[in-house]
Amino acid sequence: MRTSAFHLVTRKETPQDAEIISHQLMIRAGLIRKLGAGLYTWAPLGLRVLQKIENIIREEMNAAGALEMLMPAVQPKELWEETGRIDDFGGQLLAIHDRAERDYFFGPTHEEVITDFVRNEINSYKQLPINFYQIQTKFRDEIRPRFGVMRSREFIMKDAYSFHMSHESLVETYEAMKQAYTNIISRIGLDFRCVLADSGAIGGSGSQEFHVIADSGEDAIMYSDSGDYAANIEKCEAVGLIAERQAPGAELSKVHTPEQKTIEEVANFLNVDKTQTVKTLLVEGVEQPVALVVRGDHNLNEVKASNLLAVASPLRMLNDDEIKAVANCDAGSIGVKDLACHIIVDRTVANMSDFVCGANDSGYHLTGVNWERDAQFHEVQDIRDAQVGDPSPDGVGTLQQARGIEVGHIFQLGNKYSKAMNAVVLNEQGKSQAMEMGCYGMGVTRMVAAAIEQNHDDKGIIWPSNIAPFTVAILPMNYQKSERVRRAADELYETLLAQGVEVILDDRKVRPGFMMSDFELLGIPHQVIIGDRALDENEVEYRNRIDMESKRINRDTMASFLVDQLKA
RNA sequence: CGGAACGUAGCGCAGCCUGGUAGCGCACCACAAUGGGGUUGUGGGGGUCGGAGGUUCGAAUCCUCUCGUUCCGACCA
């Protein structure tokens, strides 16, 4: 490709609304342009990257035995009524209607559509197992789209759905998909981690996420410093930190704590460690309000909490009036003694003794509180975030934390959808049986942003060579005027093209500095600079985008040198 | 969803407070010089000032409504 025949529009200035580096660089390099909130146009340059990722995904999915297909992006509302997922997805669903006022959703995911396809298409156990996938545009009306294509509303996803006669067969495909995902992200060239995950609105039993490690990641992932355990913090089991509850050692006493509301303030005021305090959070319950109790220095894990039977989902904190009705005090003074609601305590809290909590009387706290003697709880659950330094739940090592960008998520769905939609096949005994199902998603557009987050410097993008829009850039110095430079550049260009190298030749009439800065921003892995200086010695110059060190190479061997570099 | 801010040329912004015929930088077009790190000069094209309504002799500027965008927040207990 010659730049004169391509669309290359770069910007020197950082766009004002781009927060994270990948978004800034994607706009500056001209990969994407914004159309509206969470809506992006992929320019030819960006599309080349996108398609490389798609092709790697295709190759690995095909190799794992999955079959590519394509479903409609627009889905009839009736399908979603069958599974009752409209409420689960809530406002994220983009509702549309046609001229006859029929209701549709623009698909945020395709479990319903594929299950409908399969229930009509598959009748016998002999046709199973089978795994379908597609690469397609989705729409999720995010509350707050941000970070460019990292969290956009319209995006491209690879989604796969497998169907089975047994759980064992499902697990087999699940493991194959896990391996395929590992292969895909490795081939793209990113540093990633597979972690245990909550299955959220998709549902099902087991699920794991694939995270590209990056400081700008929206998720916190916890991992053992010496073992294999790794989990999203939403899911990461938080072990009880106190092995055995001590017998009460202090008198219960009520102390005046005026204006001391936060745990920090109360602990300082009473001169105790935060680990000797508990906080009581009142949330909406299924039948009655629920108190969730965690140690003062711990965070409530909202995902774990909303998964509890007694707690309403999604999680909602009670407002001041509701708190008053339950605890008869302001929010800053809620405590566990004589609290008339269902009380669920964290594992660590269950074994605390002589602790501090609110007195259910505004401006007062209790000290020396002990379970059984002073207060009772109804359930012990894991409801806090695991934190750095906790023992790993599998007993091996200590937990550490990193930030991750979720680029893939695989689920064992079981028969949630097949039962709801009556997707059955006849088994060997000729009896109807609901199919077991798995689903496997991968964010294609997000992968581009993740790749940049992990591979850039202050000059621009540094593409991993497997997804670079071009692998070689030829930068001629004074192409317009120097006959000799032009001939050398054209010749190398033609030679590389003939060998199937994805090469871009900059034949624009721009000055050298401008050209070099542009290609540093663009991040093309291999760059060849052709100028009169080196040509005097029949040489041209090679630079790798990673180290940017110049190497003089004989003009006649440059093509083969590059081909070797590309193989490496 | 709650809070805040911002909408003036493709991009980044000034002008608004104190109303008087719209400006700067980048980008773009032409010409010339330059030709190994975003070069320079001269000339040029491009804007219903987000939209609607109001106040006024007169509105980018003041008022009201509306649309859009962005940021922050959604555990004080």
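Values below: all heavy atoms of this structure, side chains included; hydrogens, waters and symmetry mates excluded. So that the names make sense, note that chain A is the first sequence line, chain B the second, and so on, each numbered from 1. Everything numeric in this text was worked out from a predicted model, so none of it was measured.
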**OP:** May I ask you to decide if the ring planes of A:Phe139 and A:Phe106 are parallel, tilted or perpendicular, using 30° and 60° as cut-offs?
**Re:** perpendicular
Would you say the side-chain atoms of [X] and [Y] include a donor-acceptor pair closer than 3.5 Å?
X: A:Glu406; Y: A:His409; value: yes
X: A:Thr367; Y: A:Ser253; value: yes
X: A:Tyr542; Y: A:His526; value: yes
X: A:Asn232; Y: A:Glu209; value: yes
X: A:His342; Y: A:Glu379; value: yes
X: A:Thr471; Y: A:Glu502; value: no

Could you give the distance separating [M] and [N] at their [atom1] atoms, to the nearest angstrom?
N: B:rG37; M: B:rU42; atom1: P; result: 24 Å
N: B:rA27; M: B:rG38; atom1: P; result: 13 Å
N: B:rC11; M: B:rG47; atom1: C1'; result: 14 Å
N: B:rC31; M: B:rC17; atom1: C1'; result: 44 Å
N: B:rU21; M: B:rC49; atom1: P; result: 15 Å
N: B:rC26; M: B:rC62; atom1: C1'; result: 33 Å
N: B:rC65; M: B:rC1; atom1: C1'; result: 22 Å
N: B:rA52; M: B:rA59; atom1: P; result: 14 Å

Could you check how far [atom1] of [X] sits from [atom2] of [N], rounded to whole Å?
X: A:Arg11; N: B:rA27; atom1: CZ; atom2: P; result: 13 Å
X: A:Asp17; N: B:rC11; atom1: CG; atom2: C1'; result: 11 Å
X: A:Leu300; N: B:rC76; atom1: CG; atom2: C1'; result: 14 Å
X: A:Glu13; N: B:rC24; atom1: CD; atom2: P; result: 16 Å
X: A:Leu8; N: B:rC28; atom1: CG; atom2: C1'; result: 15 Å
X: A:Leu521; N: B:rA27; atom1: CG; atom2: P; result: 15 Å
X: A:Tyr40; N: B:rU69; atom1: OH; atom2: C1'; result: 11 Å
X: A:Asp518; N: B:rA27; atom1: CG; atom2: C1'; result: 12 Å

Which part of the nucleic acid does [X] contact within heavy-atom distance under 4.0 Å: base, sugar-phosphate only, or nothing?
X: A:Gln16; value: sugar-phosphate
X: A:Asn319; value: nothing
X: A:Arg28; value: base
X: A:Leu292; value: nothing
X: A:Asp330; value: nothing

Dump every N/O contact between nucleotides 33-37 of chain B and the protein below 3.5 Å, one line per pair.
unit_1	atom_1	unit_2	atom_2	d
B:rU34	O2	A:Arg511	NH1	2.5
B:rG35	O2'	A:Asn478	ND2	3.4
B:rG35	O6	A:Lys481	NZ	2.1
B:rG36	O2'	A:Arg533	NH1	3.3
B:rG36	O2'	A:Arg533	NH2	2.3
B:rG36	O6	A:Gly531	N	3.3
B:rG36	N1	A:Glu541	OE1	2.8
B:rG36	N2	A:Glu541	OE1	2.8
B:rG36	N2	A:Glu541	OE2	2.6
B:rG37	O4'	A:Gly513	N	3.3
B:rG37	O6	A:Arg543	NH1	2.4
B:rG37	O6	A:Arg543	NH2	2.5
B:rG37	N1	A:Glu520	OE2	2.8
B:rG37	N2	A:Glu520	OE1	2.5
B:rG37	N2	A:Glu520	OE2	3.2

Original post:
On the ring face of A:Tyr364, is A:Lys254 found with NZ or CZ under 6.0 Å from the centre and within 45° of the axis?
Top reply: yes
Original post:
Under 4.0 Å between a Lys/Arg side-chain N and an Asp/Glu carboxylate O for A:Arg295 and A:Asp346?
Top reply: no
**OP:** Using heavy atoms to find the nearest nucleotide of RNA chain B for A:Ile334 and A:Lys34 separately, return the residue whose nucleotide is more 5′.
**Re:**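 Closest to the 5' end, via its nearest nucleotide, is A:Lys34.
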Original post:
A:Met515 or A:Asn299: which one's nearest nucleotide on RNA chain B is closer to the 5' end?
Top reply: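 Taking each residue's closest nucleotide, the earlier one in sequence belongs to A:Met515.
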Subject >> Minimum-distance nucleotide (side-chain atoms of A:Lys12 versus B:rC26, B:rC76, B:rC71) >> reply: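 Of the options given, the side chain of A:Lys12 lies nearest B:rC26.
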Report the base-pairing partner of [N] (Watson-Crick or G-U wobble, both distances below 3.5 angstrom), or none.
N: B:rG2; answer: B:rC72
N: B:rC13; answer: B:rG23
N: B:rC31; answer: B:rG41

